[in-house]
There are 2 protein chains.
Amino acid sequence: MGATKYDQFSDHHNEMSALLKALAHPARVAIVEYLLKVESCICGDIVDHLPLAQPTVSQHLRELKNAGIIQGSVEGTSICYCLNEKALGKLKNYFGKLESKVKSKCC
Amino acid sequence: MGATKYDQFSDHHNEMSALLKALAHPARVAIVEYLLKVESCICGDIVDHLPLAQPTVSQHLRELKNAGIIQGSVEGTSICYCLNEKALGKLKNYFGKLESKVKSKCC
DNA sequence: TCCCTTTATTGCAATATTACGATAAACAGA
DNA sequence: TCTGTTTATCGTAATATTGCAATAAAGGGA
C-alpha cells in the first residue's frame with residue numbers, strides 16, 4: 001500500500017504522468033521558464049535565482065534531467081543546463097491534441 | 001523541512017505546477033483520456049475502467065476537480081464528470097508558447 | 001419506511017517527495 | 001601539490017501522496 005501501481009497502467013499513461021510529474025513543482029516550473037528567457041544556462045545561476053539551497057536545486061535539476069526535459073553539458077568548471085526541445089514538443093502536441101478533441105457535451 | 005516552500009515562489013509558478021501536479025499520476029491521465037474518448041461520463045464507469053478501488057478513484061477525481069480540470073454534475077442517481085475546456089486550453093497555450101520560444105542555443 | 005445503488009469521506013499504513021547540512025567529487029589555477 | 005570553485009551525493013527529518021477497508025451520505029424505488 002502507498003506506492004503508485006504503475007504496473008497496472010499502460011506505458012503511455014505512465015510516460016505522460018512521469019513527464020508531467022517532472023514539472024509538478026514550482027521550482028521546476030521556475031527553472032524551465034528561467035532557462036527559456038535567459039542567455040546563460042549555468043547551474044550556479046539557476047541556484048542563485050531560486051529560493052532554495054544548492055543541494056535542493058541540484059535534486060530538482062536531476063529530476064528534470066531524468067525526465068528528459070533538460071540536458072546538461074560540462075562547460076569549463078561549471079555545468080550548462082538547457083531545455084530539450086523534444087520533450088517540450090511532446091507536451092505541446094499532447095495538450096494540443098487533447099484540447100482539440102474536447103467537446104463540451106455534458107455538465 | 002519537507003514541505004514545498006510555496007510562499008517563496010510566484011503565484012504563476014505555483015498555479016502552473018498545481019495544474020500539472022493534478023495530471024502527475026497515471027490514473028489521472030487515464031481518467032482525462034477516458035473522458036475524452038467516451039460518450040458517457042458517469043463516475044461508476046470511470047471506477048470500472050481503472051485498476052483501483054472506488055475510494056481511490058474518488059480521491060483522484062476530487063484532485064482533478066480541485067485543479068479545475070474536470071467538473072461534475074448530478075445526473076440522476078450518479079455523478080457525471082466531464083472535462084473543463086478552459087483548463088486544458090490553458091495547458092495547451094502554456095506549452096505552445098514554451099515550445100515556440102525554445103532556441104537550441106547550447107548543450 | 002426500508003432496502004439498494006452510487007459516490008464521498010474517514011482513518012490509517014506504506015511509500016514518495018521535499019529540503020537541507022555535511023561532505024564528496026571534479027577540476028582549474030597558483 | 002594545495003586551494004578554491006562548482007556541482008553532486010548522502011543521510012535524514014518533515015511532510016505529502018497513494019491506496020484501501022470501513023463507513024457515511026444521498027437519493028431512488030418497492
Side-chain angles (χ1 to χ4, degrees), chain A residues 1-9 13-14 17-31 34-35 40-67 70-82 107, chain B residues 1-9 13-14 17-31 34-35 40-67 70-82 107:
Chain A
M1 233 202 296
T4 299
K5 297 169 90 180
Y6 292 111
D7 59 331
Q8 301 282 322
F9 294 95
H13 291 152
N14 284 326
S17 64
L19 202 52
L20 292 162
K21 192 178 194 171
L23 291 172
H25 189 289
R28 298 196 290 269
V29 171
I31 290 170
Y34 178 74
L35 289 178
S40 137
C41 53
I42 300 300
C43 176
D45 293 345
I46 302 171
V47 171
D48 291 344
H49 190 254
L50 291 183
L52 297 172
Q54 179 268 323
T56 309
V57 175
S58 185
Q59 201 169 292
H60 284 304
L61 287 167
R62 185 175 50 192
E63 278 179 63
L64 287 170
K65 202 164 88 177
N66 287 344
I70 64 172
Q71 56 203 97
S73 61
V74 179
E75 189 85 15
T77 325
S78 43
I79 310 270
C80 171
Y81 281 109
C82 64
C107 302
Chain B
M1 234 202 296
T4 299
K5 298 168 91 181
Y6 292 111
D7 60 330
Q8 300 283 323
F9 294 95
H13 291 153
N14 284 325
S17 64
L19 203 51
L20 292 161
K21 192 179 196 171
L23 291 172
H25 189 289
R28 298 196 290 269
V29 171
I31 290 170
Y34 178 74
L35 288 177
S40 137
C41 53
I42 301 300
C43 176
D45 292 346
I46 301 171
V47 171
D48 290 344
H49 190 254
L50 291 183
L52 297 172
Q54 179 268 324
T56 308
V57 175
S58 184
Q59 201 170 293
H60 284 303
L61 288 168
R62 185 173 52 192
E63 278 179 65
L64 287 170
K65 202 164 89 178
N66 286 344
I70 64 173
Q71 56 204 96
S73 60
V74 179
E75 188 85 16
T77 326
S78 43
I79 310 270
C80 171
Y81 281 110
C82 66
C107 304

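Naming: A, B, ... by sequence-line order, numbering from 1 per chain.
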Consider the side chain of Tyr81(A), meaning its heavy atoms from C-beta on, and name the nucleotide among dA28(C), dG28(D), dT7(D) that approaches it most closely. dT7(D)
Counting side-chain heavy atoms from C-beta on, which of dT9(D), dG21(C), dA22(D) comes nearest to Ser58(A)? dT9(D)
Can you tell me the distance, in whole Å, between the CG atom of Leu64(A) and the C1' atom of dT17(C)? 14 Å
Dot-bracket for DNA chain C: what is it, with Watson-Crick or G-U pairs under 3.5 Å, [ ] where a pair crosses earlier ones, and | for a pair to another strand? ||||||||||||||||||||||||||||||
Before giving the answer on disulfide (SG to SG under 2.5 Å), spell out for Cys80(A) and Cys43(A) the whole-Å C-alpha distance, their side-chain angles and the decisive distance to 0.1 Å. CA-CA 6 Å; Cys80(A) 171; Cys43(A) 176; over 6 Å; no
Given DNA chain D, 5'-ward residue of the pair Thr77(B) and Pro55(B), judged by closest heavy atom: Pro55(B)
What distance do His25(B) atom NE2 and Leu64(B) atom CG have between them, rounded to the nearest 0.5 Å? 10.5 Å
Answer with base, sugar-phosphate or nothing: what part of the nucleic acid does Leu52(A) contact at a heavy-atom distance below 4.0 Å? sugar-phosphate
Protein-nucleotide distance (Leu20(B), atom CG; dT17(C), atom P), rounded to Å: 16 Å
Could you tell me the separation between the CD atom of Glu63(A) and the NE2 atom of His60(A), rounded to the nearest 0.5 Å? 7.0 Å
The side chain of Thr4(B) is closest to which nucleotide in this list: dT9(D), dT18(D), dA19(C)? dA19(C)
Inter-residue atom distance Leu50(B).CG - Lys5(A).NZ, 0.5 Å rounding: 11.0 Å
Rounded to whole Å, please give me the gap between CD in Glu63(A) and P in dA19(C). 10 Å
From NE2 of His60(B) across to P of dT9(C) the rounded distance in Å is 15 Å
Start with the C-alpha distance between Asp45(A) and Tyr81(A), add both sets of side-chain angles, then the distance that settles side-chain contact (heavy atoms from CB on, under 4.5 Å), and finish with yes or no. CA-CA 10 Å; Asp45(A) 293 345; Tyr81(A) 281 109; over 6 Å; no
Atom CG in Leu61(B), atom CZ in Arg28(B): separation rounded to 0.5 Å? 10.0 Å
Looking at OG of Ser17(A) and CG of Leu23(B), how far apart are the two atoms once the value is rounded to the nearest 0.5 Å? 9.5 Å
Roughly how far apart are Ser58(B) OG and Leu52(B) CG, rounded to 0.5 Å? 12.0 Å
Distance check needed: dG11(D) P versus Gln59(A) CD, whole Å only. 14 Å
Could you give the NZ-to-C1' distance, from Lys21(B) to dT18(D), as a whole number of Å? 13 Å
Asn14(B) CG to dA16(D) C1', straight-line distance once rounded to whole Å: 16 Å
From dT7(C), dC20(D), dA8(C), pick the nucleotide closest to the side chain of Thr56(B)? dC20(D)
5' precedence on DNA chain C between Phe9(B) and Ala3(A) (nearest-nucleotide basis): Ala3(A)
Interatomic distance, Ile46(A) CD1 vs dT6(D) C1' [rounded to whole Å]: 13 Å
Lys5(A) side-chain proximity, nearest of dT9(D), dC20(D), dC20(C): dC20(D)
Taking the nucleotide of DNA chain C with the nearest heavy atom to each, does Gln54(A) or Val74(A) sit closer to the 5' end? Gln54(A)
Tell me whether the OP1 or OP2 atom of dT9(D) has a side-chain N or O from Arg62(A) closer than 4.0 Å. yes
